[in-house]
Amino acid sequence: MRTPLRCARLLAVLLLGLQLVPGVALTSNVNIHKASLSPAPLSTNPQRAAYNNTASNTRDSDGVAEAQLIEIYRLIGRGEPTEALQKAEKLVQLVPNFQLAQLVYGDLLASRVRTLKAMGDVPEDMAHTASTTLQELREESQRRIKALRERPPAGTIPSQFLELSQKSKHAIAVDASRSRLYLFENTPMGLNLVSDYYISVGKAGTSKTSEGDQRTPLGVYYITSNLDRKSLKDFYGSGAMPLSYPNILDAKRGKTGGGIWLHGTPSAQFSRPPLATDGCVVMANPDLEHIIKTVEVRSTPVVIAPQLDWIAPAKARAQVAPFESSLHAWRNAKTQGDLNQILSFYTPDFSSNGKTLSQWTDTLKSELSKVQGRTIQLKDVSYLRWTDSSDTMVVTFGEVPDGTRTGWTKRQYWTRTGNQWKIFFEGPL
Amino acid sequence: MPSAIDDKGRMTHANSPVFLLIRKALPIRLVLLTRLAPLARLAPLARLAPLARLVLLALGLQMLSFGAQADDYSEVGQLMRGGKLPEALARAEQTLATHPKDATLRFYKGVILRDMGKTSDAISVFSRLSEDFPELPEPYNNLAVLYASQGQFDRARSALEQAMRTNPSYSVAHENLGDIYAKLSTQAYNKALQIEPVASTPATSPAAKLALIRDLYLPANRVQKIQPPAAPSSAPVPAPAQVATTAKPTPASTVASTGTRAASGTVANTPRPAAPVPAPTVAIAPKPPTPTPPPQAAPSKPAPQPTPVSSSANASDAREAEAAVRNWATAWSARDMKAYLSAYGRDFVPPGGASRSSWEDERHKRIAGKANISVRLSDISVSVNGAKAVVKFRQDYKSGGLVASSRKLLELSKANGRWQISRESIGN
C-alpha cells in the first residue's frame, strides 16, 4: 500500500509540530531531535548505551520503551511511515499497556486510510468518550518530546545541588514542568547525569501545602526508605521509595500531609498522565526498578522543582563561597566556645525536633563541654540550596572535634536575610 | 495446456495471424466462461456475507485446473448456488480426490467451508492454497477475511499485505486492507484510551465486513508466471480478456455481456497494471475477425478522447456513454450520493448478489463518510452495441491516505435516452 509523502509529512507535523516553538521550522526540530537522539536515543546515558551494546543478563529495561517511541517519532519526522509503523507494532507488542505508544500506533495505521487531522486522531465518538484521556496522552507526548529535545546543557547541574559530598553516591532532580526525573551519579569529579525518565506528578500540580490537596511538594528531600514491593498494592507498581516530605522548611511553613513516595505504575498502565497522582512522583516500572537498584536510601537527595535551573559546576561553587564563610564563622564560634556568639547564628524561631532555641541552648552547652576548646572540623559537607519566596540552605556534614575519632552527622537549615545566613534548624541525622 | 499462453507469447512479436489464432481460441475459453459464469452468481451465499465485495471468475482457470473439468466447477457451483453446501463440498472433494492440486476447486472448497461456518477449516484450505500458489492474491485475501472474522486483525493485515505484494493494484485487497487498518487503528485507540470496545462479534461489526473473494480470478500475466515461459515475451499483452466482454461472434460469448452473470469483475483478465499496460482497445466492435494490429500498436498513448468506434451511428452514443461515466466519477468525487446512485440503472446488479438497498447503504457509508474523494479516469475506451455500451478505463481513486489505481469496466444500458450503469467490474 502506498502512502503518499504528504501524508507522512502531515503526520510528522502533527506528531512533532504540535510541540514547535513558534517560529522554529519543523525541519530544524526534527534535526534537533535527531541530534539529541542519535546515535543512542538517549545519548546522555552512557550506561544504558553500554547496556544496549552488550547482551548483559543484568540489563535494565529502563527508558527502552520511550527510546523506541522517540525512534518512531524520528522515523515519522523523516517521512518513513512504513518503518515507523513496523516499529510501533513491535513496541505495542512489547509494551501493550503503553497507551501513548498505542495512540501513535493507531495514528500510523489510520494514516494508511485517511488524512490525520491531529495527533491522536481518534474517531469522533471515542474522542468524545475519552476526551480527557486523549488530552492527557497528547500532553504526555509533548512533555516527553520537550524533555528530550531541550536537553540540559552538557556538564551542567541543577542549581540546587551546590555541592554534594561523597556520602551521597547519587542524586535525583525532578523537573515538574517537563515531567522529568534526572538521575545523577555523584563522582569525585562531580555530578554526572546518568539517565532521565518521564514522571507524573499530582493531579493538581505541584506546590503541596496541605493534606489531600493532590499536589506534589516542591523542595529538597531525601529518600527515607525502600518499601518492600510485596507489601504494596498493584497500584504502586514495582516498588516505592518514600520521600522526606514534609521537610523542616515545609513543617516550619505549616505544610501538612505526608506519604509522598516515588513509586511505579499499576499493571494496566505503563505510564500515567503528566498530572495524575495524589502528590507522589510516579514513574514507569522498569525506570523505577532501575532507580531502586541504583540509589541509596537516606543519603540520596531528591530535589523537586517547578522548573530546574541548570548551571555550570563552577557557578555552583561560586555560590557556595559566601555561604561557606557563614558556616565557618559558626564553626569558629563553636570552637571558641562563646555561647552568646554561637547563639547569634540561630534565628529566634529556631527549633530542633521540637526544642525551642532556649531548650537548644542546653544542648549547645553540653556539646561545648564535650568539645573542650578543640577545633571543630566539618567533614563531608553537602550544600543544597532551595530558593523560592525565601532562600534556604540545607547543609549536611560531620562535626568532628580535633583529636576525636567520631562526631555527629548533622543537618542544618539556614535561611538568608539580606547577606545574613542564620540557622533555623539543626539536628543529628 | 491450452494454447492461450503460446498465443500470448507469440502475440508479442507476431502480427495478425496470431490475433486470428486468439479469436479462434475464443470458443474454448468462452465455453469455460459459460459454464463457470453462473458460479459468480452465488446470491444465497452472498447473502450470508452481506457486504461482501466479489470479484468474479475470469478466464484462464483451466491453467490451474490440473485436469479438473469445467463440468466439475459447474456442478459444484450449481450446488453452492442452490445452497446445498454439504453436497457442493462432497462434489468438490470427489474431484479433488483425483485432482488434489486443482486450484479452483480448492478455492471453492474454501468458500463452501467458510459459508458452512467452518472457519478454521476454510482457513487451512486457503492457507495451503496460498502456499501452493503464492503468486495468487485471492487466497490471501480470503484468508484475511477469515482471520478478520475471528478478530485476528494482525494476521488479516499480513495476509492482505501479502496479497498486495503479489499484485500491487489489487483493488479488493486494497479496500480490505483499508478496512483492516481502520479496524486495527480503532483497536489501538481503544487500548490507548483504555476504552472497553463495544461488545460485538468481529464478524458483525461494520469494520470487519470485508470482501471475501468467492471466485478465483486469474489474470493471464500471472498464469504466465506459473507456467514455464513459453516464448521470449517482452511484456504482458492484453489478449483474451476483452474478447470475453464483447465477443459478439460466438454464441457462448453472449453470456459475458447479457448480464446472466451477477456481479462485478466477471471479465477481468487483462494483465494487471503493475507495469503500465495500455488499455485494451481492440476487438470491441462486432465485426468479423480480421487481422488487427497487435495491442502494442495502440499502447500507452493516453486516450483523452473516446476511442473511435466502428460505426458512426454509434459515435454519439459512445460520447453519451462516456459522458455518463464521467458524470458518475464527478458525482463520486463530489460525494454527491444522489447523483452517484442515479448513475446506476434499475437493471444494475449489485456485486455479490447484495440487494440494491444494502448495496446503496454500503456505498453511502463508503462515500459519504469520507472527508474527501478524488476519482480520476484515464485511458477511457468505449464500445457501443445497440443500447448497451462497455466503457473501460483506469480509475485513480484517492481518499485520505488511500490511493488506489485500478482498471475498471462499466457496462451501461440506454433507457429513455439515458445511459446508466448496469454492471460494474473492478480489477480489469
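Order of the sequence lines fixes the chain letters, A, B, ..., with proteins taken first and strands second; residue numbering starts at 1 for each chain. Bear in mind the structure is a predicted one, so any value in this text is a computation, not a measurement. Excluded from the calculations below are hydrogen atoms, water molecules and symmetry mates; all remaining heavy atoms, backbone and side chain alike, are included.
- Taking CZ of Arg112(A) as the reference point, atom CG of Leu177(B) lies at 8.0 Å (rounded to 0.5 Å).
- Atom NZ of Lys191(B) and atom CZ of Phe98(A) lie 15.0 Å apart (nearest 0.5 Å).
- Between Gly106(A) and Ser185(B), the closest heavy-atom pair is O-CB, 3.1 Å.
- Put simply, of Leu100(A), Asn97(A), Asp121(A), the one with the most heavy-atom pairs under 4.5 Å next to chain B is Asp121(A).
- Top candidate by heavy-atom pairs under 4.5 Å with chain A, chosen from Leu184(B), Leu193(B), Asp154(B), is Leu193(B).
- Heavy atoms of Glu136(A) lying under 4.5 Å from chain B are absent altogether.
- Of the two parts of Leu137(A), only the side chain, counted from C-beta on, holds a non-hydrogen atom closer than 4.5 Å to a non-hydrogen atom of chain B.
- Taking all atoms of both residues into account, the shortest heavy-atom contact from Ala130(A) to Ile195(B) is CB-CD1, 3.8 Å.
- Counting non-hydrogen atoms of neighbouring residues, nucleotides and ligands closer than 6.0 angstrom, the CD atom of Glu124(A) reaches no more than 12 such neighbours.
- If you measure heavy-atom distances from Leu85(A) to chain B, the contacts under 4.5 Å come from the side chain alone.
- The OG1 atom of Thr82(A) lies 9.0 Å from the CD atom of Glu161(B); values are rounded to the nearest 0.5 Å.
- In summary, of the residues considered (Gln187(B), Lys183(B), Arg157(B)), a side chain to side chain contact (heavy atoms under 4.5 Å, CB included) with Leu109(A) occurs for Arg157(B) alone.
- Sorted by first and then second residue, the salt bridge (charged side-chain N to carboxylate O under 4.0 Å, His left out) pairs with a member in residues 265-289 of chain A read Lys203(A)-Asp278(A), Arg229(A)-Glu289(A); sequence neighbours excluded.
- Side chain of Gln99(A) to backbone of Ala192(B): a donor-acceptor contact under 3.5 angstrom is found.
- Counting heavy-atom pairs closer than 4.5 Å to chain B, the top-ranked of the candidates Val122(A), Leu103(A), Thr129(A) is Val122(A).
- Proximity to chain B is absent for every atom of Val92(A), based on heavy atoms less than 4.5 angstrom apart.
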Stepwise, does the side chain to side chain donor-acceptor pair (under 3.5 Å) test hold for Tyr189(B) with Asp107(A)?
CA-CA 8 Å; Tyr189(B) 286 147; Asp107(A) 273 350; 2.4 Å; yes
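- Side-chain contact check for Thr133(A) versus Gln194(B): every heavy-atom pair is 4.5 Å or farther apart.
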